[in-house]
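Numbering of residues begins at 1 and proceeds along the displayed sequence. Hydrogens, waters and symmetry mates play no part in the numbers below; they use all other heavy atoms, side chains included.
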Amino acid sequence: NLLILNRKLFNQQTLITGYFMCESSFKVLKIVKLEMAVLFYSIGYYVIACFIWHIDTVNYLSFRNAVLPSLTNLGTEYWFVPCYFAVVLVSPFLNKMLETLEQTQLRKLLLILLLFISIIPTVLQSVSWYDGNIALFIFLYFIGAYLKKYPEEFERGRKIKWFFFGIVLWAILIFLVCFLKINADIFQNFAISADYLFYGNSIFIIMLSVIFMVLFARIQIKHSVWLNKIAGTTLGIYLIHDNIYARQYIWENIFHCSKYYESPRLMLHAGCCILIVFATGAIIEYLRSLLFRPLENYVGFKMRGNKERVF
């Protein structure tokens with residue numbers, strides 16, 4: 001369940017990006033702020049790993065990965081960041097495309113992308129049919145934009161129907177995963193694995209992501225300063241706990257998660273660990289944002305007007 005939720009949340013972030021950015025202007029400063037955060041945690045963890053934890057040594061490859069995390073770690077550490085960068089950078093061109101497409105044309109495009117990016121790879125259990133995470137993120141961007149441009153398509157039925165559809169779909173996914181895991185010896189002869197059902201491009205994960213988006217897109221939430229501040233730290237929390245150096249240290253050296261795999265207290269332990277990591281990461285990221293705010297304001301002032309010259 002946690003793995004399903006993990007994959008769905010990554011998709012959710014890209015759906016939300018398409019939902020809001022399809023009708024907004026491109027801001028270079030947004031990319032700069034994100035890159036500052038990525039560099040801060042990537043280089044910071046590298047220094048700690050080399051000189052305090054002593055789990056790595058200074059060499060060309062590790063140094064390059066630390067100072068160029070958005071370029072050198074496309075498929076490993078911080079894989080989400082370079083894909084997100086790519087989508088944001090091409091968003092002005094995606095938006096121009098969305099402006100010219102009629103609803104029926106956009107719907108046909110989504111169906112074609114769904115076939116090659118999700119359905120075929122899920123059925124054949126192969127990622128060779130599409131170009132990886134960037135293609136998936138662009139597809140999700142288009143879906144988010146479709147939800148924003150044509151909300152009436154998803155408001156014809158009551159939301160309770162979407163909710164129950166999501167529950168049924170989740171139950172089917174859990175059943176298939178358990179069935180394939182229990183009978184792994186049989187299905188391995190047919191090269192069938194449950195792992196592909198968890199991939200971000202899995203038809204199940206994509207459908208659950210869209211259902212979740214439909215259910216919550218139209219909810220009117222009262223403005224809250226603290227809620228916005230907490231939401232603003234979520235990417236930093238991801239950068240803090242999913243760093244290649246921090247991942248093992250946090251979950252094993254601090255929380256000893258592997259000891260609870262077969263424990264009846266597994267869910268309680270997991271919940272406590274998640275809350276502690278989230279709260280600690282939010283505080284760290286909030287303090288970092290305060291520290292970097294003068295620099296971000298200075299860079300923003302210097303870059304004012306660049307958007308018009310570039311796009």
Check: With distance as the sole test, does Y45 use its side chain to make a donor-acceptor pair with the main-chain N or O of I240 at under 3.5 Å?
Finding: yes
Notebook entry, point to check: Is it true that F212 and I172 fall in one hydrophobic cluster, defined by side-chain heavy atoms closer than 4.5 Å?
Noted result: yes
Next item on the list: Examine distances only and state if a side-chain atom of N297 and a backbone atom of R293 form a donor-acceptor pair shorter than 3.5 Å.
Entry: yes
Notebook entry, point to check: When rounded to the nearest 0.5 angstrom, what distance separates OG1 in T14 from CZ in F137?
Noted result: 4.0 Å
Check: Between N201 and P121, what is the shortest heavy-atom contact and its length?
Finding: ND2-CB, 3.4 Å
Notebook entry, point to check: Are L239 and Y286 connected, step by step, through hydrophobic side chains (Ile, Leu, Val, Met, Phe, Trp, Tyr) whose heavy atoms are closer than 4.5 Å?
Noted result: no
Next item on the list: Look up atom CG in L287 and atom CD1 in I284, then write down how far apart they are to the nearest 0.5 Å.
Entry: 8.0 Å
Next item on the list: Say whether L111 and Y146 are linked into one hydrophobic cluster, either directly or through other cluster members, by side-chain heavy-atom distances under 4.5 angstrom.
Entry: no
Next item on the list: Give a yes/no verdict on a cation-pi contact between R288 and F292, requiring under 6.0 Å between NZ or CZ and the six-membered ring centre and an angle within 45° of the axis.
Entry: yes
Checklist line | Cluster overlap F175 with L169, hydrophobic side-chain contacts below 4.5 Å | finding: yes
Check: Got a sec: does the CZ of F63 have more than 12 other heavy atoms crowding it under 6.0 Å?
Finding: no
Margin query: Side chains of S62 and Y46: any donor to acceptor distance under 3.5 Å?
Written below: yes
Check: Looking at K229 and T233, what are the two nearest heavy atoms and their distance?
Finding: O-CG2, 3.2 Å
Enumerate, atom names and distances included, each donor-acceptor pair closer than 3.5 Å involving a side-chain atom of residues 28-41, sequence neighbours excluded.
unit_1	atom_1	unit_2	atom_2	d
K30	NZ	Y84	OH	3.4
E35	OE1	S70	OG	2.8
Y41	OH	E285	OE1	2.6

Check: About how many Å separate CG of N95 and SG of C22, when rounded to the nearest 0.5 Å?
Finding: 6.5 Å
Note to self: Apply side chain to side chain contact (heavy atoms under 4.5 Å, CB included) to residues I138 and I134 and explain how you reach the verdict.
What the structure shows: CA-CA 6 Å; I138 292 176; I134 293 179; 4.2 Å; yes
Margin query: Distance check, rounded to the nearest 0.5 Å: N11 atom CG versus M207 atom CE?
Written below: 13.5 Å
Checklist line | Residue pair S209 / Q12: nearest heavy atoms and the distance that separates them | finding: O-NE2, 3.1 Å
Margin query: Please check this pair: side chain of T122 against backbone of I203, looking for a donor-acceptor N/O pair closer than 3.5 Å.
Written below: yes
Which donor-acceptor pairs under 3.5 Å do side chains of residues 263-280 form with protein atoms, sequence neighbours excluded?
unit_1	atom_1	unit_2	atom_2	d
S263	OG	R265	N	3.1
H269	NE2	F255	O	3.0
T280	OG1	I276	O	2.8

Notebook entry, point to check: With side chains defined as the heavy atoms from C-beta onward, is the minimum distance between T234 and Y238 less than 4.5 Å?
Noted result: no
Notebook entry, point to check: Does E102 CD have over 12 foreign heavy atoms under 6.0 Å away?
Noted result: no
Check: Do the ring planes of Y249 and W53 sit parallel (below 30°), tilted (30 to 60°) or perpendicular (above 60°)?
Finding: parallel
Item checked: I117 CD1 to L113 CG distance, which is reported to the nearest 0.5 Å -> 4.5 Å
Next item on the list: Identify the two heavy atoms, one from S91 and one from Y141, that lie closest to each other, and give their separation to 0.1 Å.
Entry: CB-OH, 3.5 Å
Checklist line | Minimum side-chain heavy-atom gap Q13-T17 below 4.5 Å | finding: yes
Next item on the list: Determine, using the 4.5 Å side-chain heavy-atom cutoff (strictly less than), whether I52 and I43 are members of one ILVMFWY cluster.
Entry: yes
Note to self: For the CG atom of L15 and the CZ atom of F139, what is their distance to the nearest 0.5 Å?
What the structure shows: 9.0 Å
Check: Which atom pair, heavy atoms only, marks the closest approach of V88 to M21?
Finding: CG1-CE, 4.2 Å
Item checked: Donor-acceptor contact below 3.5 Å, side chain S118 vs main chain L115 -> no
Next item on the list: Can you sort out the partners of S24 under side-chain hydrogen bond (donor to acceptor under 3.5 Å, both in side chains), two or more places apart, ordered by chain and number?
Entry: none
